[in-house]
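Here's the structure we're looking at; comments come further down.
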Amino acid sequence: MTTAPRRQGRGGRERILAAAAQLFAAQGINATGMEQVAEQAPVSKRTLYAHFRTKSELVVAHLHDLASAGHTLGSVLTREDIPARERVLALFAPLPADAAPVRGCPFIDAAAEFPDPESAVHSYAREQKLLMVRLVTALVTELGCREPAALAEQLVTLADGAASRAMVLGEADYGRHARAAAEILLDNALPDTD
């Protein structure tokens with residue numbers, strides 16, 4: 001195995017996060033060692049630990065990076081250029097044809113690999129899942145749906161389930177099944193117009 005040349009200078013944190021994202025997606029978080037991340041970045045272990053004292057810090061930063069860059073299911077929920085109903089249904093959109101292999105929800109994956117509910121990683125994943133349900137609740141409230149909190153929980157459960165099944169089955173368009181159910185839930189939650 002050849003080692004990558006060490007790079008000096010700025011951008012170490014960004015290279016570390018990019019390397020972590022690639023390795024976590026390819027082999028999982030727990031199977032990825034900090035030395036692997038440093039080698040892939042490429043940075044010295046000293047630089048790696050100067051930016052991230054622990055692997056948990058690296059994982060939380062990675063998840064935060066995914067969320068803030070709009071690389072998660074929930075990113076479409078805040079787009080004001082899309083009507084509310086379409087934002088909700090976009091949770092079930094297939095991945096682009098040129099997308100990387102289906103990996104499911106990074107927050108569910110991280111929470112599964114850090115099962116202690118008090119761990120920083122699990123806590124951050126939980127915060128993101130709670131944010132997702134709040135955003136969906138706001139959208140279905142905007143649509144005038146009955147029982148918006150319960151409906152939002154049902155819709156995010158469908159989205160999470162579809163993401164998980166898409167990963168397990170390797171089917172990027174698996175969300176089509178959940179979308180059909182989501183459309184029925186939305187239609188049935190709208191007030192009668194008679």
- prompt: Taking the side chain as C-beta and beyond, is there a heavy-atom pair between Leu151 and Gln154 under 4.5 Å?
  reply: yes
*asked:* I want to check something: taking the side chain as every heavy atom from C-beta on, are Leu131 and Leu135 in contact at a cut-off of under 4.5 Å?
replied: yes
* To do: Report the C-alpha separation of Val156 and Glu153 in whole Å, then their side-chain angles, then the decisive distance to 0.1 Å, and conclude whether the side chain to side chain contact (heavy atoms under 4.5 Å, CB included) test is met.
  => CA-CA 5 Å; Val156 299; Glu153 287 289 351; 4.2 Å; yes
What one should report as the nearest heavy-atom pair of Ala159 and Met132 is CB-CE, 3.9 Å
| task | Evaluate the side-chain proximity of Ile29 to Asp109: yes if any heavy-atom separation is below 4.5 Å, no if none is. | result | no
Between the NZ atom in Lys129 and the SG atom in Cys105, the distance rounded to the nearest 0.5 Å is 3.0 Å
Heavy atoms of Pro117 and Ser123 approach each other most closely as O-OG, 3.3 Å
Phe92 meets the ring pair (Phe, Tyr, Trp, His ring centres under 6.0 Å) criterion, sequence neighbours left out, with none
Here the gap from Arg13 atom CZ to Leu58 atom CG, rounded to the nearest 0.5 Å, amounts to 9.0 Å
Rounded to the nearest 0.5 Å, the OG1 atom of Thr137 sits from the CG atom of Leu77 at a distance of 10.5 Å
- Query: Taking atom types as modelled and ignoring hydrogens, do the side chains of Thr47 and Ser44 form a donor-acceptor contact shorter than 3.5 angstrom?
  - Reply: yes
Rounded to the nearest 0.5 Å, the CG atom of Leu63 sits from the NE2 atom of His71 at a distance of 13.0 Å
Point to revise | Exam field: side chain Gln40 to backbone Ala19, donor-acceptor pair closer than 3.5 Å | key: no
| query | Going by an N to O cut-off under 4.0 Å, is there a salt bridge joining Arg85 and Asp187? | reply | yes
- Are Leu186 and Leu190 side-chain neighbours, meaning at least one heavy-atom pair lies under 4.5 Å? no
So the salt bridge (Lys or Arg N to Asp or Glu O under 4.0 Å) pairs with at least one residue in residues 132-152 (sequence neighbours excluded) are none
| query | Taking it one step at a time, do Thr72 and Gln128 satisfy side chain to side chain contact (heavy atoms under 4.5 Å, CB included)? | reply | CA-CA 10 Å; Thr72 63; Gln128 291 302 305; 5.9 Å; no
Quiz item: Does the Gln36 side chain pair with the main chain of Gly33, one donor and one acceptor, at a distance under 3.5 Å?
Solution: yes
So, do Phe52 and Val37 sit near enough that their side-chain heavy atoms are less than 4.5 Å apart?
no
*Take atom CZ of Arg126 as the centre, draw a 6.0 Å sphere, and report whether it contains more than 12 heavy atoms from other residues, nucleotides or ligands.*
yes
In this structure, CD of Glu86 is separated from CG of Asp81 (nearest 0.5 Å) by 12.0 Å
Rounded to the nearest 0.5 angstrom, the OG1-CD distance for Thr32 and Glu113 is 8.0 Å
Item checked: Side-chain touch Glu35/Lys45, heavy atoms, less than 4.5 angstrom -> yes
Requested in this report: Classify the ring geometry between Phe107 and Tyr124 as parallel (under 30°), tilted (30 to 60°) or perpendicular (over 60°).
Outcome: tilted
May I ask you to decide if Val43's main-chain N or O and Arg15's side chain share a donor-acceptor pair within less than 3.5 Å? no
Exercise for review: Consider only side-chain heavy atoms of I, L, V, M, F, W and Y, link residues closer than 4.5 Å, and tell whether Phe114 and Ile108 are in one cluster.
Suggested key: no
Is there a side-chain contact between Asp116 and His122 in this structure, where contact means two heavy atoms from C-beta onward sitting under 4.5 Å apart? no
Given side chains that start at C-beta, do those of Leu158 and Leu91 come closer than 4.5 Å, heavy atoms only? no
For Tyr174, the ring pair (Phe, Tyr, Trp, His ring centres under 6.0 Å) test, sequence neighbours excluded, returns His177
Closest non-hydrogen contact found for Ser56 with Val121 is O-CG2, 3.8 Å
- Message: Looking at Asp173, is its backbone amide N or carbonyl O close enough to the side chain of Arg176 to form a donor-acceptor pair, meaning the two atoms are under 3.5 Å apart?
- Response: yes
